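In this text the structure is predicted, and so the values were computed from the model without any measurement.
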Amino acid sequence: MVKYVLTAVLCTSCMTFEKSKLSVLGLKVHYIEGHSRVIKAVNGVSFKIREGESMGIAGESACGKSTLGSALMRDLEPPAKIIGGSILLDNIDITSLEDTDFDREVRWKKIAMIFQAAMNTLDPVFTVGDQMREILRSHGVESSAEGRILASLDDVSLDKTIAKKYPHELSGGMKQRVVIAMALLLHPDILIADEPTTALDVLVQAQIINLLKYLKIKRGITIIIISHDLGVISELADKVAIMYSGEIVELANSVEIFKNPKHPYTQLLISSIPMLSTNGRIISIKGQPPDLANLPSGCKFLTRCPYAMEVCRKDPPHIKTDSGFTLCWLYE
């Protein structure tokens, strides 16, 4: 049995978190196409994560969660652009840093990311070790490269011989762990994992989940999990943000989200999880999300909500709760 399974059972609710490690305030990321079409992928998102905490970001496809993750890494490709808000890392607004300063001082050193379809990011013509050495070389860390590479592989329960192998010689689960090892090379404070278990079989998914738990406990690393899979979110997150149409519509601790969801969208998302008690019947959310280039006024979930009222045509209130907030007129 891999070494991290036993350690991962420690109760994260018993851990104490002190200061905010990352604060996102009113962040807006738009895809600007031509002169007339603006896709508001992230539209005024705010949240805080404390040191050593894990946060899940969930929602349907195209809700803006992956764009949000890329914005935190400042890894947006045109036509995407941060047009408003701030990202405070240790009280420094990293959106205002020059690209060279961000690359030298923040990227991979303080914030690292496991990208969606991460296994495809490995270069097939270079060995694992060569690719890891390149990361260290680009950040001026060469003298201790071999030791760091072996230590990082060991952290994800991979043998040192993996460094000499090419990606095609590895299984899917091994490649996913290699990508995690690469992200951890420079000992970042924050790890963003975008769909870290996608395209993996159930057994390997469990191994990756346990690995991330282990790394959080061992290193005290702050983790942001981006996933459409609420099962993965429930396993890893201390708190959960539910995104819809570029906004966070509900934020609460993990227990509260899954036991007592407040926003109708959150309730329907959780109800759509296949259960043995439903006898195989799949519950779906009717309708389609609005066009992010032509968002309606008021609540963005209005046309799909079973509790929709006339007042929902106005912007929803920000209702604070003990563990977070929800945007819904039902609680006004």
Side-chain angles (χ1 to χ4, degrees), residues 1-8 21 51-52 54 69 72-75 89-90 94 97 99-194 196-197 200 204 207-225:
M1 182 178 292
V2 288
K3 63 183 181 183
Y4 47 80
V5 172
L6 296 178
T7 312
K21 187 67 181 176
E51 191 169 357
S54 57
L72 298 179
M73 239 344 240
R74 276 185 48 172
D75 198 56
L89 176 62
D90 293 329
I94 61 175
L97 295 177
D99 289 343
T100 52
D101 292 333
F102 183 84
D103 290 341
R104 183 178 62 251
E105 302 296 336
V106 180
R107 191 189 306 275
W108 305 115
K109 285 186 176 180
K110 293 188 176 181
I111 302 179
M113 186 169 183
I114 306 167
F115 292 96
Q116 197 167 8
M119 293 181 291
N120 297 329
T121 64
L122 296 173
D123 194 320
V125 301
F126 291 100
T127 66
V128 167
D130 286 340
Q131 294 181 62
M132 297 178 84
R133 287 185 199 95
E134 180 58 32
I135 293 173
L136 295 171
R137 188 180 301 116
S138 65
H139 286 85
V141 183
E142 296 183 64
S143 59
S144 59
E146 297 308 311
R148 282 183 180 243
I149 289 170
L150 296 181
S152 195
L153 289 173
D154 184 64
D155 275 345
V156 298
S157 295
L158 288 176
D159 188 85
K160 63 182 181 180
T161 59
I162 297 297
K164 298 180 180 180
K165 293 184 180 295
Y166 290 88
H168 72 269
E169 298 179 277
L170 307 178
S171 68
M174 293 171 75
K175 283 189 278 190
Q176 188 74 341
R177 277 186 273 170
V178 164
V179 171
I180 295 173
M182 294 171 74
L184 296 173
L185 266 177
L186 296 171
H187 306 292
D189 299 323
I190 299 172
L191 178 64
I192 303 171
D194 189 0
T197 60
L200 300 176
V204 178
Q207 292 174 351
I208 297 301
I209 288 170
N210 283 329
L211 168 59
L212 292 173
K213 288 180 180 179
Y214 166 76
L215 292 172
K216 178 188 170 188
I217 294 167
K218 180 183 178 182
R219 291 196 176 183
I221 196 168
T222 302
I223 299 178
I224 300 174
I225 304 293

Minimum-distance pair of heavy atoms, taken over all atoms of [X] and [Y]:
{"X": "Leu215", "Y": "Leu184", "answer": "CD1-CD1, 3.4 Å"}
{"X": "Lys165", "Y": "Leu170", "answer": "CD-CD2, 3.8 Å"}
{"X": "Val178", "Y": "Ile162", "answer": "CG2-CG2, 3.9 Å"}
{"X": "Met174", "Y": "Leu158", "answer": "O-CD1, 4.0 Å"}
{"X": "His139", "Y": "Arg107", "answer": "NE2-O, 3.3 Å"}
{"X": "Ser152", "Y": "Ala181", "answer": "OG-O, 2.5 Å"}

If we only count heavy atoms from C-beta on, is the [X] to [Y] side-chain gap below 4.5 Å?
{"X": "His168", "Y": "Pro124", "value": "no"}
{"X": "Lys109", "Y": "Leu186", "value": "yes"}
{"X": "Val141", "Y": "Arg148", "value": "yes"}
{"X": "Arg177", "Y": "Gln207", "value": "yes"}
{"X": "Ile190", "Y": "Leu89", "value": "yes"}

* Give the intermediate values and the outcome of side-chain contact (heavy atoms from CB on, under 4.5 Å) for residues Leu153 and Ile149. => CA-CA 6 Å; Leu153 289 173; Ile149 289 170; 4.1 Å; yes
With rounding to the nearest 0.5 angstrom, report the [atom1] to [atom2] distance, [X] to [Y].
{"X": "Leu122", "Y": "Tyr166", "atom1": "CG", "atom2": "OH", "value": "13.5 Å"}
{"X": "Thr161", "Y": "Leu150", "atom1": "OG1", "atom2": "CG", "value": "10.0 Å"}
{"X": "Lys110", "Y": "Asp90", "atom1": "NZ", "atom2": "CG", "value": "5.5 Å"}
{"X": "Met132", "Y": "Phe126", "atom1": "CE", "atom2": "CZ", "value": "15.5 Å"}
{"X": "Ile111", "Y": "Asp189", "atom1": "CD1", "atom2": "CG", "value": "8.5 Å"}
{"X": "Leu211", "Y": "Lys213", "atom1": "CG", "atom2": "NZ", "value": "11.5 Å"}

Notebook entry, point to check: For residues Lys21 and Thr222, is any side-chain donor paired with an opposing acceptor at under 3.5 Å?
Noted result: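 No, because no side-chain N or O of Lys21 sits under 3.5 Å from a partner of the opposite role on Thr222.
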Using the side chain to side chain contact (heavy atoms under 4.5 Å, CB included) definition, which of the options Ile225, Ile208, Leu191 pairs with Ile114?
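Of the listed residues Ile225, Ile208, Leu191, the side chain to side chain contact (heavy atoms under 4.5 Å, CB included) partner of Ile114 is Leu191.
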Note to self: Apply side-chain contact (heavy atoms from CB on, under 4.5 Å) to residues Asp75 and Met113 and explain how you reach the verdict.
What the structure shows: CA-CA 10 Å; Asp75 198 56; Met113 186 169 183; 5.7 Å; no
Determine whether Thr121 and Met182 satisfy the following criterion, side-chain contact (heavy atoms from CB on, under 4.5 Å), listing intermediate values before the conclusion.
CA-CA 11 Å; Thr121 64; Met182 294 171 74; over 6 Å; no
> Given Trp108 and Met73, is the side-chain contact (heavy atoms from CB on, under 4.5 Å) satisfied, shown in steps?
Replying inline: CA-CA 9 Å; Trp108 305 115; Met73 239 344 240; 4.0 Å; yes
Check ion pair Arg133-Glu142 (N to O, under 4.0 angstrom) | no
Test item: Arg74 side-chain N/O and Val106 main-chain N/O as donor-acceptor pair under 3.5 Å
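A pair under 3.5 Å: no.
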